[in-house]
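Beneath this line is the structure, given in structure tokens, with notes to follow.
Both ligands and their constituent atoms are indexed starting at 1 by order of listing.
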Amino acid sequence: MRTLVIGAGGREHALAMALARDPSVTEVHVAPGNPGTEQVATRHQVDALDPEAVAALAETLAAGLVVVGPEAPLVAGVADAVRARGIACFGPSARAARLEGSKAFAKEVMAAAGVPTAAARVCRTPEETSAALDELGSPYVVKDDGLAAGKGVVVTGDRDEALAHAAACEQVLVEEYLDGPEVSIFAVTDGSTVVPLRPAQDFKRALDGDAGPNTGGMGAYTPLPWAPPGLVEEVLATVLQPTVDEMARRGTPFQGLLYAGLALTGRGVRVIEFNARFGDPETQPLLALLASPLGVLLSAAAEGRLHELGPVAWHDGAAVAVVLAAAGYPDTPRTGDVVEGLAEAAAMDGVEVVHAGTAYDDAGRVVTAGGRVLAVTAVGADVADARAKAYAGVGAVRFAGSRFRTDIAAGA
Ligand code: AMP
Ligand code: GLY
């Protein structure tokens, strides 16, 4: 089977690596990809937001499976265009991707499906926002309703800051504050059968100790030794399956990766958000431990045959990913800094360097080209071992202004 991965980040590099390990996958193509993906895939240029251009590329390559990485192409209808040409595509339709594209829509689906989540009010005016802040109380949670790459949320005790964020958005959700540790659970689904993967934890804040602004994610690890037993089964029964069933009932079946961002509160599990695609950087450690062939799993989902597969298999041990971000991230990342030590890090025991925001300069050197530059990912016997290996890898990679958290997976 020939596969084509759409996207340019760390998630797509990790997907391409895992597809390349699957014996049933004969070729991995990626568009547009990044310098890291060249180690395992053939790169093609494409405007990932242009559904017809992506579909045409898939047809030219005679791809048997297209895997769409990021949310924006899904919301733009890339999966619909690929499927319209009779090519299997892992990823939801534009209508189903609204589960991520509109937080108000996701709340409506959760209410209909009886899925536990934070109370929320949709607000379009300062008066509405003000009333909702008073009703739901401090700490205030204000979310941009549209896609914002994980950066559209403000959690604050400062009412003026909450109002200012709302004023900068067309429509916001004001939410009840959820306390407790956050867990990401990803599920592969064909629209009816739901196959959950292992829980992972992501570190969203920019700085150690969960300080600083929200980012796309500064690191992740899996499994979670502290997670309550039965968590995945509970989330499958109370969150994932009811949501997939409700989407099917509405005539907009969700096929692809359903990402549940959860808070384990004192009153039980609550959904913080849904995403319609693999999380970044959680995908890096998750796929590093996946023993099942990824191409087989994703094509079974794309073709409505997930019920035919056995349970997902995992390697023993744990995996940790530490993101190296560019100077200025998350506000205005600086680009063009030369990255050194990549081969040195990749040669270390258990370490793989996953590229995200990298590019070549005119001299053919790898340089920074985005906010999150690399995710140094390591597999070890347990979380502590994987963590030590990942940070050893981080120590080998150098670029001017590089910043990373030193406490990824430290609490595990
Ligand atoms: P989201 O874009 O919805 O995933 O939100 C990004 C981050 O903001 C989450 O990972 C949480 O850390 C935080 N957050 C979002 N919603 C809430 C909430 N209702 N209560 C507390 N923290 C939240
Ligand atoms: N790691 C958070 C996300 O992918 O949205």
Side-chain angles (χ1 to χ4, degrees), residues 7 9-12 14-15 69-72 74-75 97 99-107 110 116-121 132-133 135-157 162 165 169 172-186 197 199-207 209-222 257-267 269-287 321-323 325 330 354 356 371-372 375 377 405 408:
R11 162 185 46 221
E12 288 75 31
L15 286 164
E71 59 275 21
L74 292 166
V75 170
L99 262 190
E100 171 164 4
S102 166
K103 290 179 188 284
F105 174 74
K107 285 287 182 192
M110 283 189 266
T117 185
R121 302 286 173 262
L133 292 175
E135 181 193 353
L136 297 170
S138 173
Y140 304 112
V141 181
V142 181
K143 300 187 174 183
D144 190 343
D145 184 41
L147 283 183
K151 293 168 222 160
V153 180
V154 163
V155 181
T156 178
H165 182 55
C169 306
V172 294
L173 255 70
V174 174
E175 280 194 12
E176 163 198 10
Y177 177 77
L178 298 175
D179 209 353
E182 286 182 38
V183 172
S184 306
I185 296 187
F186 300 169
L197 306 182
Q201 193 171 41
D202 172 25
F203 293 75
K204 290 226 167 69
R205 299 290 190 128
L207 306 174
D210 292 330
N214 267 316
T215 69
M218 294 299 290
Y221 71 103
T222 187
L257 195 289
L258 179 60
Y259 166 139
L262 306 163
L264 309 187
T265 76
R267 291 173 299 128
V269 174
R270 296 283 184 278
V271 174
I272 295 178
E273 63 161 349
F274 283 131
N275 292 319
R277 38 79 194 170
F278 281 95
D280 192 338
E282 298 98 311
T283 298
Q284 287 82 321
L286 264 176
L287 295 186
V322 178
V323 169
V354 182
R372 294 187 292 173
T377 306
R405 280 182 60 162
I408 302 302

State the atoms of ligand 2, each with its element, that fall below the 4.0 Å cut-off from a heavy-atom position in [X].
X: Asp202; result: 1 (N), 2 (C)
X: Asn275; result: 5 (O)
X: Gly216; result: 1 (N), 2 (C)

Can you list the ligand 1 atoms lying under 4.0 Å from a non-hydrogen atom of [X]?
X: Tyr177; result: 20 (N), 21 (C)
X: Asn214; result: 7 (C), 8 (O)
X: Lys143; result: 3 (O), 15 (C), 16 (N)
X: Ile272; result: 3 (O), 15 (C), 16 (N)
X: Lys103; result: 1 (P), 2 (O), 3 (O)

Among [options], which one puts a heavy atom closest to [atom]?
atom: atom 21 (C) of ligand 1; options: Leu178, Leu262, Asp210; result: Leu178
atom: atom 19 (N) of ligand 1; options: Arg270, Arg205, Glu176; result: Glu176
atom: atom 8 (O) of ligand 1; options: Val141, Val271, Val153; result: Val153
atom: atom 3 (C) of ligand 2; options: Arg277, Lys204, Glu100; result: Arg277

Please check this pair: side chain of [X] against backbone of [Y], looking for a donor-acceptor N/O pair closer than 3.5 Å.
X: Thr156; Y: Tyr140; value: no
X: Glu12; Y: Gly9; value: yes
X: Arg405; Y: Arg205; value: yes
X: Arg11; Y: Phe278; value: yes
X: Asp145; Y: Lys103; value: yes

Ligand 1 versus Asp179, non-hydrogen atoms closer than 4.0 Å: side chain, backbone, both, neither?
neither
Would you check, one step at a time, whether the test salt bridge (charged side-chain N to carboxylate O under 4.0 Å, His left out) holds for Lys107 with Glu175?
CA-CA 11 Å; Lys107 285 287 182 192; Glu175 280 194 12; 3.5 Å; yes
Which segment of Gln201 sits under 4.0 Å of ligand 2 when only heavy atoms are counted
neither
Using a 4.0 Å heavy-atom cut-off, say whether Tyr259 meets ligand 2 through its side chain, its backbone, both or neither.
side chain
Close side-chain approach of [X] to [Y], heavy-atom, < 4.5 Å:
X: Met218; Y: Asp210; answer: no
X: Asp280; Y: Arg372; answer: yes
X: Val142; Y: Leu133; answer: yes
X: Met110; Y: Phe274; answer: yes

Has [X] got any heavy atom lying under 4.0 angstrom from an atom of ligand 2?
X: Gly279; answer: yes
X: Arg11; answer: no
X: Ala220; answer: no

If you measure every N/O of Glu273 against every N/O of ligand 2, is any gap under 3.5 Å?
no
When rounded to the nearest 0.5 angstrom, what distance separates CD in Glu282 from CZ in Phe186?
4.0 Å
Criterion salt bridge (charged side-chain N to carboxylate O under 4.0 Å, His left out) on Arg270 and Asp179, from CA distance to verdict:
CA-CA 10 Å; Arg270 296 283 184 278; Asp179 209 353; over 6 Å; no
